Amino acid sequence: MINVYIFVLAVLVCQTVSDSDHGDATINYNSETFDAALEDSKLFVMFYAPWCGHCKRLSPTWNELAKLYNPLIDQTLLIGQVDCTVETALCAKNEITGYPTLKFFHNKYSEVVRYKSARDLQSLQSFIEEQLSNAPEQSDPKNVPTGGLFDLTDDSFPKHIETGSHFIKFYAPWCGHCKRLAPTWEDLAMQYLDQEDVSVAKVDCTVHRATCDSYGVRSYPTLLFFRNGEKVDEYQKGRSLEELQNYMDIQLAVKNVNADRTDEKIPENVPNQQAEENLAAVFELEADTFTAGISEGLAFVEFFAPWCGHCKRLAPTWEDLSREMSRYPVVTIAKVDCTINTNVCKDNGVRGYPTLILFKNGQKVAEYTGSRDLGDLVEFMLEHIQRHDEL
């Protein structure tokens, strides 16, 4: 017992950093100490930014919470925090998009519960006690993922799809097409095994008829995509692993870019040099740079006029699109001011503003006329990236 107590004190001394805004009882984690702590304890963690007003208001309560749990000898639970302006990789790994984000880690990264309720001390304590007394369990053996693939039943299905994104195969054991798809479906499940709130699953319609009937399943296999409890699409294209994964990535990208922020959207100009350097810029092309700017890969170009109201409203979304696409080396997000570069706009048939044109290796391939919502723009680009990669 004495050794345990000494270990606990050592952990607290090594990991706790006094902070005038965020208290002295809360453990401050970095990537290394965070993973080490998960080996031995459950964690309740606030991911924050020092400039965030909501974080500052929560910090005294969070510190009081830490005083209640961190000194306990058994160390069943540790209350911690991560400064996302410093630990950018750790926050990206945990998909932090707004501050503060509160997450309870049961078993490393495999069981994570996001806290979304009131932030007073009593509510936080009640949540903790609920998590400690009702640790995530899967009492239904049919809802245990085998190799990443969930086998759902009439009982487990509603709860399983309640939150997150889920790609589900409705099948019959005697179906030849289902048998041929089975190994590919298992491989697909393995691709998303470690992603929070994402699953690949199956339902045997010869056993669980109520669920299959409720979604109008009349043939096998039927592949449906669910988001936060709602059916959003039926997949009807090729069944290779690459095709299925590309489809799922598109669905997840739509979900991610439209996800609700917590309290304060991460501003474009975070007072952090590293964050500023990571922001992807929209390329502003002119008459002498236009041809070179669209010559390689995919270039999505906004032709605009500074006085145009629709252009002004699109501007922040266009910048967000550039950031979303920065992970794809083949993509350039650009813009052309038609009040200055009149010949470029005329040559490309621009008659109104904004006009959005996609170029591939210097050639016009499509004029985008859909919704200017970020999610729709991302989906449009991902579809063309997929076509580009297939060539």
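The figures here come from the full heavy-atom set of this structure, side chains too, leaving out hydrogens, waters and symmetry mates. All residue numbers refer to positions in the sequence shown, counting from 1. Small disclaimer: the values here were computed from a predicted structure and weren't measured.
For F44 and Y69, the ring centers sit 6.0 Å or farther from each other.
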Candidate pair Y235 and Y247, rule ring pair (Phe, Tyr, Trp, His ring centres under 6.0 Å), full reasoning: CA-CA 8 Å; Y235 180 79; Y247 168 78; 4.7 Å; yes

Stepwise side chain to side chain donor-acceptor pair (under 3.5 Å) check, D187 with T184: CA-CA 5 Å; D187 290 342; T184 303; 5.4 Å; no

Could you walk me through whether L132 and K42 pass the side chain to side chain contact (heavy atoms under 4.5 Å, CB included) test, one step at a time? CA-CA 9 Å; L132 293 178; K42 301 179 188 297; 3.8 Å; yes

Is there a side chain to side chain donor-acceptor pair (under 3.5 Å) between E319 and S322? Walk through the geometry before answering. CA-CA 5 Å; E319 292 175 0; S322 182; over 6 Å; no

How far apart are the C-alpha atoms of F104 and L77, what are their side-chain angles, what is the distance that settles it, and do they pass the side chain to side chain contact (heavy atoms under 4.5 Å, CB included) test? CA-CA 10 Å; F104 192 105; L77 172 70; 3.8 Å; yes

Please report the C-alpha distance between I294 and T332 in whole Å, then the side-chain angles of each, then the deciding distance to 0.1 Å, and finally whether the side chain to side chain contact (heavy atoms under 4.5 Å, CB included) criterion is met. CA-CA 8 Å; I294 68 168; T332 298; over 6 Å; no

Might you work through the ring pair (Phe, Tyr, Trp, His ring centres under 6.0 Å) test for F150 and F167, ending with a clear yes or no? CA-CA 10 Å; F150 285 85; F167 199 10; over 10 Å; no

Evaluate the criterion side chain to side chain contact (heavy atoms under 4.5 Å, CB included) for residue pair D35 and Y29; output intermediate values, then yes/no. CA-CA 9 Å; D35 287 340; Y29 288 113; over 6 Å; no

Would you check, one step at a time, whether the test ring pair (Phe, Tyr, Trp, His ring centres under 6.0 Å) holds for F226 with Y215? CA-CA 11 Å; F226 295 81; Y215 291 101; 5.0 Å; yes

Taking it one step at a time, do T163 and N228 satisfy side chain to side chain donor-acceptor pair (under 3.5 Å)? CA-CA 4 Å; T163 59; N228 295 331; 5.6 Å; no

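Ring planes of F34 and F105: perpendicular class, angle over 60° (limits at 30 and 60°). Classification of the F290-F303 ring pair by plane angle, with boundaries at 30° and 60°, yields tilted.
For the residue pair E129/S126, the side-chain donor-acceptor check at 3.5 Å is not satisfied.
Residues A172 and D204 approach most closely at CA-OD1, 4.5 Å, considering heavy atoms. Pairing each heavy atom of G293 with each of A299, the nearest pair is O-CB, 4.2 Å. Annotation for S199 and H166: closest pair OG-ND1, 2.6 Å, computed over non-hydrogen atoms. Here the shortest heavy-atom pairing between C212 and V203 reads SG-CG1, 3.9 Å.
Annotation: side-chain hydrogen bond (donor to acceptor under 3.5 Å, both in side chains) contacts involving residues 285-311, sequence neighbours excluded, comprise H310-R313.
Distance CD/Q245 to CD/Q191: 4.5 Å, rounded to 0.5 Å. Between the OG1 atom in T211 and the CG atom in D154 there is a gap of 3.5 Å [rounded to 0.5 Å].
Looking at T153, its side chain does come within 3.5 Å of a backbone N or O of D155 through a donor-acceptor pair. Distance alone, capped at 3.5 Å, places no donor-acceptor pair between the S41 side chain and the L38 backbone. Listed for the N341 side chain is no donor-acceptor partner under 3.5 Å among the backbone atoms of V344. Checked by atom type and distance alone, the side chain of N63 never pairs as donor or acceptor with a backbone atom of S59 at under 3.5 Å. At distances below 3.5 Å, not a single donor-acceptor pair connects side-chain atoms of E87 with backbone N or O atoms of C84. A donor-acceptor pair under 3.5 Å is absent between the side-chain atoms of W318 and the main chain of V301, judged by distance alone. A donor-acceptor pair under 3.5 Å is formed between the side chain of N70 and the backbone N or O of I79. Side-chain atoms of T88 never come within 3.5 Å of backbone atoms of T85 as a donor-acceptor pair (strictly under, hydrogens ignored). Judged by distance alone, with hydrogens and angles left aside, the side-chain atoms of R227 form a donor-acceptor pair with the main-chain N or O of Q251 at under 3.5 Å. Although no hydrogens or angles enter the test, the distance criterion places no donor-acceptor pair under 3.5 Å between the side chain of D376 and the main chain of R372.
Around the CZ atom of F127, the shell of radius 6.0 Å holds more than 12 heavy atoms that belong to other residues, nucleotides or ligands.
One hydrophobic cluster holds both L43 and Y99 under the rule that ILVMFWY side chains link at heavy-atom gaps under 4.5 Å. Both Y115 and L68 are part of a single hydrophobic cluster, where members link through side-chain heavy atoms under 4.5 Å apart. When the side chains of ILVMFWY residues are joined at heavy-atom separations under 4.5 Å, either directly or via intervening members, L377 and Y328 end up in a single hydrophobic cluster. Residues L356 and L321 share a single hydrophobic cluster, defined by chaining ILVMFWY side chains whose heavy atoms lie under 4.5 Å apart. V350 and L358 fall into different hydrophobic clusters, defined by Ile, Leu, Val, Met, Phe, Trp and Tyr side-chain heavy atoms under 4.5 Å apart, directly or through other members.
Judged by the 6.0 Å and 45° rule, K335 forms a cation-pi pair with F304.
When the options D233, L382, V378, I385 are evaluated for a side chain to side chain contact (heavy atoms under 4.5 Å, CB included) with I250, the one that passes is L382.
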